[in-house]
Amino acid sequence: MTTLVNWRWDIFCAVIDNFGDIGICWRLSRQLATEHNIAVKLWVDDLASFAKICPQLDTNLAVQQLAGVTICLWSTTTDWQKNAVADVVIEALACTIPMPYQQLMTAQPVKPLWLNLEYLSAESWVEGCHALPSPQPHLALDKHFYFPGFTSATGGLLQEKDLRQCAEQFIANADLQHKFWCDLGITNSINYQQKISLFAYDHPKIDSLLQYWQHSDRSILCLVPEGVLAQQLLSLYPALAASGDITLGALRLKVLPFMAQDNYDKLLWACDVNFVRGEDSIIRAHWAAKPFIWQIYRQAEQAHLDKLKAFMQRYCEKMSENMAEIVQEFWLAWNTTADLADSWQVFSALLPQIAEHNLKWHTELTLNGDLASNLVHFAEKKFIIRHNFS
C-alpha cells in the first residue's frame with residue numbers, strides 16, 4: 001500500500017477580515033510539510049493579507065514554494081482542470097471549496113478524504129461531532145468535520161514538536177531577548193518592570209485601562225501590533241500617530257508593524273502578559289504559558305459570549321473559586337463594553353498565580369497531541385480502512 005507521505009494534501013483558505021484564518025492554515029501547512037514529509041499545496045484567495053505575516057511571499061506569483069509548501073493563488077480565473085486533485089483535501093475554517101474542484105474529487109477513481117477543519121471551540125457539543133462524516137447530497141462524497149479543541153476527544157491544537165524547546169531557549173537567553181527588543185526599536189527593555197502585548201479588536205473603554213497603566217507604580221511597556229486596536233489608539237493619541245511610540249506617565253505605548261509568525265511567538269514569550277484575539281494568537285498564547293486574556297471574535301447578538309464562557313469554564317476548572325471568578329470578570333469586561341480599570345487591578349494582582357496555572361494548563365493541552373499529527377493519524381486510519389474493505 002502506498003504510504004501517506006507519498007500522497008498530496010490540498011488546503012483551501014479564504015481570508016475573511018482578519019489574519020487568523022491564514023495564520024492557522026500557514027502554520028498547519030508548514031508543520032505537515034516539515035514534520036510529516038507531506039506534499040502540501042495551500043490555496044489562498046488573498047496573497048496581500050498572507051504577505052503581512054509571511055514577508056517572504058511574492059504577491060505577484062500565482063504559484064510559489066516556501067518552507068516546503070506550494071502556495072497557490074485561488075481566484076475566479078483558476079483553471080481547476082489543470083490541477084490534480086489531492087488525496088486529502090482540507091476545507092479550512094468555514095470556506096467552501098470551488099464547485100469545479102468538488103466535481104473533480106467525485107470523478108476520481110479513488111475518492112479523496114475530504115475534511116472540514118472547523119473553528120476552535122470549547123463547547124461540549126464539539127466532542128460529539130468531531131470526526132463525524134457528513135454525506136453530501138450533491139456529490140457522491142462524505143465530508144468529515146474535524147474540530148480543534150482542548151480535550152482528547154477533539155483534534156487538539158497546533159503545536160510544532162520543537163516549540164516548547166524554542167520557547168525555553170529564548171526565555172533563558174538574555175542576549176536573544178535583547179536582540180529581539182532592539183530589532184523592534186526598543187533598546188532599553190530592561191528598564192520596564194512589566195511588558196504587555198496588546199493584540200486586540202477595538203474596545204470602547206480601552207482608555208480606562210490605559211489611564212490606569214499610566215498611573216501605575218511600575219513602568220510598563222505596552223506593544224500594540226498593527227490592527228484594529230492600534231488604529232483606535234492612533235485616534236486617541238495624536239502623538240502616537242505621529243511617531244508610533246509615546247510615553248504617558250508610567251506607560252510606554254509602541255505600535256508594531258505586522259510580524260512574521262515566528263517573531264510574534266517571540267513577542268508572546270518576551271512579554272509578561274499577552275492580550276490576544278481570534279484563533280491563531282490564542283493558541284500561541286497557550287503555548288507561551290504566560291498570563292493571557294482572550295478577546296474572542298465578535299458575533300451578532302453576543303453569540304460569541306457563549307463560546308467564551310464555555311472556554312472559561314474549562315480553562316478555570318482547576319483554579320480556586322476566587323481566582324476563577326476574578327479571571328472571568330476581567331475576561332468578560334474585555335469582551336464587552338465594561339469599564340476595565342477596577343477589574344484589571346484585581347486581575348493583575350493574581351498574575352503570578354495565573355502564570356503558575358498556565359504552565360499546568362500547557363502540560364494538560366500537550367497530552368491531547370497536536371492538531372497536525374492528529375490529522376495525519378486520522379487520515380492514515382481512514383485510508384487503511386478503505387484499503388482493507390474496498
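Treat the numbers as computed from the prediction; the structure is a model and nothing was measured.
Between His178 and Phe170, the distance separating the two ring centers is not shorter than 6.0 angstrom. Residues Trp213 and Trp344 place their aromatic rings such that the two centres sit under 6.0 Å apart. Aromatic ring centres of Tyr119 and Phe147 lie farther apart than the 6.0 Å criterion allows.
Ion pairing between Lys111 and Asp87 fails under the 4.0 Å rule for side-chain N and carboxylate O. Using a cutoff of 4.0 Å between basic side-chain nitrogens and carboxylate oxygens, Glu168 and Arg164 are scored as salt-bridged. Salt bridge present: Arg284 and Glu160 bring a charged side-chain N and a carboxylate O closer than 4.0 Å. With respect to Asp10 and Arg8, a salt bridge is recorded, a charged nitrogen being found less than 4.0 Å from a carboxylate O. Between Lys161 and Asp370, none of the side-chain N atoms (NZ, or NE/NH1/NH2) sits under 4.0 Å from a carboxylate O, so this pair counts as no salt bridge.
Hydrophobic clustering (side-chain heavy atoms under 4.5 Å, transitive across Ile, Leu, Val, Met, Phe, Trp, Tyr) groups Met319 together with Val346. Under the 4.5 Å side-chain heavy-atom criterion for grouping Ile, Leu, Val, Met, Phe, Trp and Tyr, Val126 is not connected to Ile283 through any hydrophobic cluster.
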Would you please test Ile220 and Gln214 for side-chain contact (heavy atoms from CB on, under 4.5 Å) and show each step? CA-CA 8 Å; Ile220 299 175; Gln214 290 174 41; over 6 Å; no

Step by step, would you call His130 with Tyr146 a ring pair (Phe, Tyr, Trp, His ring centres under 6.0 Å)? CA-CA 5 Å; His130 175 62; Tyr146 205 90; 4.4 Å; yes

Walk me through it: do Glu91 and Asn116 pass the test side-chain hydrogen bond (donor to acceptor under 3.5 Å, both in side chains)? CA-CA 5 Å; Glu91 189 176 58; Asn116 187 314; 3.2 Å; yes

Residue pair Cys72, Thr70: steps toward the side-chain contact (heavy atoms from CB on, under 4.5 Å) verdict: CA-CA 7 Å; Cys72 300; Thr70 302; 4.0 Å; yes

Would you sort out whether Ser373 and His36 count as a side-chain hydrogen bond (donor to acceptor under 3.5 Å, both in side chains), showing the intermediate values? CA-CA 8 Å; Ser373 297; His36 298 279; 3.2 Å; yes

Could you go step by step and tell me if Lys179 and Asp175 meet the salt bridge (Lys or Arg N to Asp or Glu O under 4.0 Å) rule? CA-CA 6 Å; Lys179 182 183 184 306; Asp175 290 336; over 6 Å; no

Could you go through Phe145 and Leu132, starting from their C-alpha distance and side-chain angles, then the distance that decides it, and tell me whether this counts as side-chain contact (heavy atoms from CB on, under 4.5 Å)? CA-CA 6 Å; Phe145 289 88; Leu132 291 182; 5.9 Å; no

Intermediate values then yes/no, side-chain contact (heavy atoms from CB on, under 4.5 Å), Leu234 and Gln231: CA-CA 5 Å; Leu234 294 176; Gln231 288 300 316; 3.9 Å; yes

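Closest heavy-atom contact between Ile246 and Tyr237: CD1-CB, 3.8 Å. The shortest non-hydrogen separation linking Tyr101 to Ala86 is OH-N, 3.1 Å. The heavy-atom pair separating Asn358 from Ala289 by the smallest distance is CB-O, 3.7 Å. Summarising the geometry of Ser49 relative to Val15, their closest heavy-atom pair is CB-CG1, 3.9 Å, with the distance given to 0.1 Å.
Legend: ring-ring contact (aromatic ring centres under 6.0 Å, His included) pairs involving residues 239-260, not counting sequence neighbours, sorted by first then second residue: Phe19-Phe258.
The number of heavy atoms from other shown groups lying within 6.0 Å of CD (Gln211) is above 12. Heavy atoms from other residues, nucleotides or ligands lying under 6.0 Å from CD1 of Ile190 number 12 at most. For Gln313, the CD atom sits in a loose shell: 12 or fewer heavy atoms of surrounding residues, nucleotides or ligands are nearer than 6.0 Å.
A donor atom on one side chain and an acceptor atom on the other are not found under 3.5 Å apart for Asn191 and Arg252. Remark: the Glu127 side chain and the Thr151 side chain contain an N/O donor-acceptor pair separated by less than 3.5 Å. With hydrogens and angles left out, the side-chain atoms of Gln261 and Arg30 include a donor and acceptor closer than 3.5 Å.
To the nearest 0.5 angstrom, Leu221 atom CG is 10.0 Å from Gln194 atom CD. In this structure, Arg27 CZ and Gln159 CD are separated by 11.5 Å, a value rounded to the nearest 0.5 Å. Rounding to the nearest 0.5 Å gives a distance of 7.5 Å between CG of Leu209 and CD1 of Ile196. A distance of 11.5 Å separates NZ of Lys290 from CG of Leu351, quoted to the nearest 0.5 Å. If you take CG on Asn368 and OG on Ser152, they are separated by 5.5 Å, rounding to the nearest 0.5 Å. The structure places CD1 of Ile71 at 12.0 Å from NZ of Lys41, a figure rounded to the nearest 0.5 Å.
Contact check for Leu256 versus Val224: no side-chain heavy atoms found under the 4.5 Å cut-off. In this structure, the side chains of Gln177 and Lys266 stay at 4.5 Å or more apart for every pair of heavy atoms. Side-chain contact between Leu340 and Tyr212 is absent, with no heavy atoms from C-beta onward closer than 4.5 Å. Residues Thr34 and Val69 have side chains not in contact (no heavy-atom distance under 4.5 Å, counting atoms from C-beta outward). Within the 4.5 Å cutoff, no side-chain heavy atoms of Tyr192 are placed close to those of Arg218. The side-chain heavy atoms of Phe12 and Val89, taken from C-beta on, include a pair separated by under 4.5 Å. At a threshold of 4.5 Å between non-hydrogen side-chain atoms, the residues Asp280 and Leu158 do not count as touching. Residues Thr247 and Leu251 are not in side-chain contact: their nearest non-hydrogen atoms beyond the backbone lie 4.5 Å or more apart.
The main-chain N or O of Trp361 is never found under 3.5 Å from a side-chain atom of Lys318 such that the two would form a donor-acceptor pair. The closest donor-acceptor contact from the side chain of Thr106 to the backbone of Leu139 lies at 3.5 Å or more, if one exists at all. Panel note: side chain Asp245, backbone Lys254; no donor-acceptor pair is recorded below 3.5 Å. In terms of modelled atom types and a separation under 3.5 Å, the side chain of Ser29 and the main chain of Val40 share no donor-acceptor contact. Judged by distance alone, with hydrogens and angles left aside, the side-chain atoms of Ser343 form no donor-acceptor pair with the main-chain N or O of Glu329 at under 3.5 Å. Remark: the backbone N or O of Leu268 is paired with a side-chain donor or acceptor of Asn274 at under 3.5 angstrom. Remark: the backbone N or O of His362 is paired with a side-chain donor or acceptor of Thr366 at under 3.5 angstrom. A donor-acceptor pair under 3.5 Å links the side-chain atoms of Ser348 to the main chain of Gln345, judged by distance alone. Of the possible polar contacts, one joining the Asp272 side chain to the Lys195 backbone as a donor-acceptor pair under 3.5 Å is found. At least one donor-acceptor pair under 3.5 Å links the side chain of His203 to the backbone N or O of Ala333.
By the 30° and 60° cut-offs, the orientation of the rings of Trp43 relative to Trp80 is tilted.
Under the ring pair (Phe, Tyr, Trp, His ring centres under 6.0 Å) test applied with Phe292, the options Trp287, Tyr315, Phe330, Phe275 reduce to a single match, Tyr315.
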